[in-house]
Amino acid sequence: MIPLKQGIARYHLPGLFEFYELYKIFLPLFREHREYFYDWCEIGSIYGAPADCLWGGGRAGFGSNDPQKVLALMREHQISARLTFSNSLLKPEHLKDAKCNALCRMFAESSGPQNGVIVHSDVLLRYLEKAYPELYFVSSTTKVLTDFQSFQSEAARKEFRYIVPDFRLNKAFDQLDSLPESLRQKVEFLCNECCWFGCRERKACYEAVSRKNLGENAPEHHCTAPDAAQGYRFSKAMQNPGFIGIQDIQTKYLPMGFSHFKIEGRGLGSAVILEFLLYYLTKPEYHLQVREKIYLDSMLDLF
């Protein structure tokens, strides 16, 4: 592993397959015009899953881009690619799935930065450790680790390079401050969750997505949170008690030794993802230049 730079935030961005066309424009801009972007942050990885992946979870993937092209883009920009295989209901018979195995094999054999898999199921984790040892593993936020002791135990597991706690632990600073340095470097905070802070159905919601990806004829999960019908709003996420903004990252998390920050949004549109890229990575005085470059590309459908 390359030693981590001190004081650098590493963002883990959504939509590896879903927003390939957006990243094909944005990543060269990020490399060629680094002056547009904050010097205290980097892109640590981009995560996602193609449509119709049995092992998929968290969100139902809808990306249809060629995995070979996706990996080529990540290699070109030296960015780790992560498969989101966080289905929580997998059984041993699901491990033979040809499509998911082919993707893992492709990611494991790809040259360049080491690629990873975001997992929930220990059944899948044990299989992947043996079948594709070249990959690294991330413990998924779909485990809904809201109890700090459970989260700390998860963080101590040697199988995982990173652990994404539930967003409701984001501001548990007294407890987070008790973590040893070795575990702080494994924590990956979910920054921009819009879900109701008081939600008690989060795990059930994720399980409904897992059943859908398994092809089970299960009833839809209907969210009962206040304003659920509005869907995702970044402005609403910013008001969430668990929201992590750029000032929080600079003044609180980085000084505490936390470096990894996950941006959600696989199920959203390219225009919303662009707003995340502007807010979290781009200096305000260069927002217009970045927008113009993205908007004026006739090949990209932002909506």
Side-chain angles (χ1 to χ4, degrees), residues 12 14-18 45 47-64 67 70 81-110 114-147 150-151 153-166 186 188 190 195 199-223 262 264 266-267:
H12 303 276
L16 179 63
F17 297 89
E18 297 89 339
S45 73
Y47 66 93
D52 302 320
C53 279
L54 195 72
W55 298 351
R59 299 288 182 270
F62 60 86
S64 58
V70 168
R82 294 180 180 178
L83 291 164
T84 305
F85 283 164
S86 53
N87 195 304
S88 60
L89 303 176
L90 294 175
K91 299 177 181 179
E93 57 264 33
H94 298 134
L95 300 179
K96 297 179 181 179
D97 183 77
K99 179 175 182 177
C100 294
N101 274 286
L103 285 165
C104 286
R105 189 176 306 110
M106 190 183 304
F107 275 54
E109 295 174 354
S110 176
Q114 186 181 15
N115 298 318
V117 183
I118 303 171
V119 295
H120 180 129
S121 166
D122 277 351
V123 171
L124 179 60
L125 175 64
R126 300 302 174 218
Y127 172 74
L128 294 176
E129 284 183 307
K130 293 180 180 179
Y132 309 103
E134 303 88 347
L135 299 170
Y136 68 86
F137 304 104
V138 182
S139 178
S140 174
T141 192
T142 61
K143 294 181 181 180
V144 192
L145 298 174
T146 56
D147 173 74
S150 298
F151 157 68
S153 296
E154 186 79 2
R157 293 178 63 177
K158 295 181 180 180
E159 311 98 296
F160 294 118
R161 183 175 297 181
Y162 304 108
I163 296 89
V164 187
D166 188 86
K186 295 178 70 173
E188 187 176 309
L190 182 58
C195 184
C199 180
R200 297 181 180 179
E201 302 175 358
R202 194 165 173 81
K203 186 170 289 188
C205 180
Y206 285 136
E207 287 180 353
V209 176
S210 292
R211 291 190 183 93
K212 183 179 293 185
N213 286 338
L214 290 174
E216 295 181 6
N217 187 19
E220 290 283 340
H221 175 78
H222 296 287
C223 181
K262 180 175 183 175
E264 78 162 19
R266 286 197 299 142

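Position 1 is the first residue of the sequence; numbering continues from there. Reckoned from all heavy atoms, side chains included, excluding hydrogens, waters and symmetry mates.
In this structure, NE2 in H94 is found 9.0 Å from CG in L89, a value given to the nearest 0.5 Å. Atoms CG and CG, from D52 and N213 in turn, are 8.5 Å apart once rounded to the nearest 0.5 Å. Atom SG of residue C100 and atom OH of residue Y127 lie 10.0 Å apart, to the nearest 0.5 angstrom. Put simply, OG on S139 and CD on E159 are 9.5 Å apart, with the number rounded to the nearest 0.5 Å. Here the CD1-NE2 distance, from I118 to H12, works out to 9.5 Å after rounding to the nearest 0.5 Å. Taking NE2 from H120 and OG1 from T142, the interatomic distance works out to 5.0 Å, rounded to the nearest 0.5 Å.
The cationic group of K262 lies under 6.0 Å from the six-membered ring centre of Y47 and within 45° of the ring axis, placing it in a cation-pi geometry.
The minimum heavy-atom distance linking G56 with F85 is given by the pair N-CD2, 4.2 Å. Between D166 and T141, the closest heavy-atom pair is CA-OG1, 4.0 Å. Taking each heavy atom of L135 and G116 in turn, the nearest pair found is CD2-N, 4.4 Å. Contact between G15 and R266 at its shortest, heavy atoms only, is N-CG, 3.7 Å. Residue L16 comes nearest to G48 through the heavy atom pair CB-N, 3.7 Å, listed as atom of the first residue, atom of the second, then distance. The two atoms that bring S110 and N115 nearest to each other are CB-ND2, 3.7 Å, heavy atoms only.
Side chain of E134 to backbone of Q114: no donor-acceptor contact under 3.5 angstrom is found.
With contacts defined as side-chain heavy-atom distances shorter than 4.5 Å, the pair E264/L190 qualifies. Between C53 and F17, the closest side-chain pair of non-hydrogen atoms is not below 4.5 Å. Contact check for Y132 versus F107: no side-chain heavy atoms found under the 4.5 Å cut-off. Between L125 and F160, some side-chain heavy-atom pair lies under the 4.5 Å cut-off.
Legend: residues meeting side-chain contact (heavy atoms from CB on, under 4.5 Å) with S121, ordered by chain and number and at least two apart, are L90, V123, L124. Under the salt bridge (Lys or Arg N to Asp or Glu O under 4.0 Å) criterion, K186 pairs with no residue, sequence neighbours left out.
Between E129 and R157, no side-chain nitrogen of the basic residue sits less than 4.0 Å from a carboxylate oxygen of the acidic one, so the salt-bridge criterion is not met.
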